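For reference, the structure discussed in these notes is given below.
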Amino acid sequence: MTLGPTFFDRPAEAVAPELIGATLLVDRVGGVLVEVEAYDQADPASHSFKGPTPRNAAMFGPPGHAYVYKIYGIHWCLNFVCQPGSAVLIRALEPLHGIDHMHRRRGSVAERQLCSGPGKLCQALGIDSRQNALPLDAAPFSLTQADAVQDVATGPRIGITKGVDTAWRFVRRGSPFLSRPLA
DNA sequence: AGCTTGATTGCCT
DNA sequence: GGCAATCAAGCTA
């Protein structure tokens, strides 16, 4: 079943664990989500913490849309917008579809390193600012619910300096496709 | 208009 | 484990 606005119109920390095991495709390229992180407006680590700006406008737009931004001047990161000011950062997926396309964009790396990190995932799926604010239930996106209950583990989020103690990183336990093992 | 920083990655030792 | 790459948002002035 396709995940749409109703699914995302909830707090990000409630949506995030249910995204583990879901299948994400962009132009027919993608796989199963194995690692995500939740951010909301009360969270000092969130882009939305200080309110709406031109950059984070999509985070305050309708639920179920994409929020794409560039970090460190180099990499793109993909988020799914939940309730206003909250979103889920997509950090890693298990490649299943269009793996040849991914290799063309990422070069000759091991399959487990194709999408093992937010920047790598965006490169492999061809995501950049063009996808910002687009709805997730329409082309080029395809997002479908997990077909089985997932073994989800939680831990501290990665790469942030504030809000470190909030355990809003969600991973599929034991997956070899994570950006890093669970701490 | 100039300065700092970052939800990262890959290459170096 | 350390660190450079590279750029725009968000400050300060």
Side-chain angles (χ1 to χ4, degrees), chain A residues 8 11-20 22 24 26 33-61 63-95 102-134 136 152-172 175-183:
Chain A
F8 286 102
E13 64 270 29
V15 172
E18 296 182 25
L19 283 171
I20 299 300
L24 170 69
V26 181
L33 302 184
V34 295
E35 179 178 352
V36 301
E37 288 178 1
Y39 291 85
D40 77 5
Q41 194 171 359
D43 179 355
S46 173
H47 287 182
S48 62
F49 182 58
K50 294 173 183 173
T53 68
R55 179 204 203 188
N56 66 22
M59 278 186 85
F60 293 90
H65 286 228
Y67 166 44
V68 181
Y69 66 90
K70 186 182 279 188
I71 193 165
Y72 297 114
I74 301 178
H75 302 286
W76 296 101
C77 291
L78 170 66
N79 297 251
F80 294 167
V81 178
C82 299
Q83 284 181 337
S86 76
V88 177
L89 171 67
I90 307 304
R91 290 190 52 90
L93 62 76
E94 176 177 341
M102 296 189 199
H103 273 122
R104 213 164 296 144
R105 294 167 177 146
R106 293 264 309 125
S108 300
V109 298
E111 198 165 293
R112 58 195 302 168
Q113 298 180 161
L114 278 174
C115 302
S116 59
K120 299 175 184 178
L121 187 150
C122 285
Q123 186 183 8
L125 271 57
I127 291 171
D128 57 32
S129 60
R130 292 171 304 175
Q131 281 81 28
N132 189 38
L134 292 184
L136 299 170
V152 179
T154 67
R157 294 172 295 180
I158 294 178
I160 57 176
T161 57
K162 302 163 187 169
V164 181
D165 26 317
T166 307
W168 281 357
R169 180 183 184 221
F170 302 90
V171 307
R172 183 158 75 181
S175 172
F177 298 93
L178 305 181
S179 64
R180 307 186 46 171
L182 198 63

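Quantities reported herein were computed from a predicted structural model and do not represent experimental measurements. Heavy atoms only: backbone and side chains are in, while hydrogens, waters and symmetry mates are out. Below, chains carry the letters A, B, ... as their sequence lines are ordered, and counting in each starts from 1.
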Note to self: Taking CZ in R180(A) as the centre, count heavy atoms belonging to other residues, nucleotides or ligands within less than 6.0 Å. Is the count above 12?
What the structure shows: no
Next item on the list: May I ask you to decide if S179(A)'s main-chain N or O and E35(A)'s side chain share a donor-acceptor pair within less than 3.5 Å?
Entry: yes
Item checked: F170(A) six-ring centre to R91(A) NZ/CZ under 6.0 Å and within 45° of normal -> no
Check: Tell me, which stems hold DNA chain B, with a stem being 3 or more Watson-Crick or G-U pairs in a row and both distances under 3.5 Å?
Finding: B:1-6 with C:7-12, B:8-12 with C:1-5
Next item on the list: Compute whether any side-chain donor of one residue and acceptor of the other, for R105(A) and Q123(A), lie under 3.5 angstrom apart.
Entry: no
Next item on the list: State plainly whether the residues R112(A) and E94(A) are in salt-bridge range, i.e. N to O under 4.0 Å.
Entry: no
So which protein nitrogen or oxygen atoms get under 3.5 Å of nucleotides 7-10 of chain B's nitrogens or oxygens?
from    : atom 1 : to      : atom 2 : distance (Å)
dA7(B)  : O4'    : Y39(A)  : OH     : 3.4
dA7(B)  : N7     : A45(A)  : O      : 3.2
dA7(B)  : N7     : H47(A)  : NE2    : 3.4
dA7(B)  : N6     : H47(A)  : N      : 3.4
dA7(B)  : N1     : N79(A)  : OD1    : 2.5
dA7(B)  : N3     : Y69(A)  : OH     : 2.8
dT8(B)  : OP1    : R91(A)  : NH1    : 3.2
dT8(B)  : OP2    : G159(A) : O      : 3.1
dT8(B)  : O2     : H75(A)  : NE2    : 3.2
dT9(B)  : OP1    : P118(A) : N      : 3.1
dT9(B)  : OP1    : G119(A) : N      : 3.1
dT9(B)  : O4'    : H75(A)  : NE2    : 3.0
dG10(B) : OP1    : R106(A) : NH1    : 3.1

Margin query: Measuring only the P atom in each nucleotide, how far is dA13(C) from dT5(B)? A whole number of Å is fine.
Written below: 14 Å
Notebook entry, point to check: When rounded to the nearest 0.5 angstrom, what is the spacing between CD1 in I90(A) and OH in Y67(A)?
Noted result: 14.0 Å
Note to self: To check you understand the geometry: which heavy-atom pair defines the closest contact between A16(A) and V36(A), and what is its length?
What the structure shows: O-CG2, 3.5 Å
Donor-acceptor list for residues 159-167 of chain A side chains, cut-off 3.5 Å, not counting sequence neighbours:
none

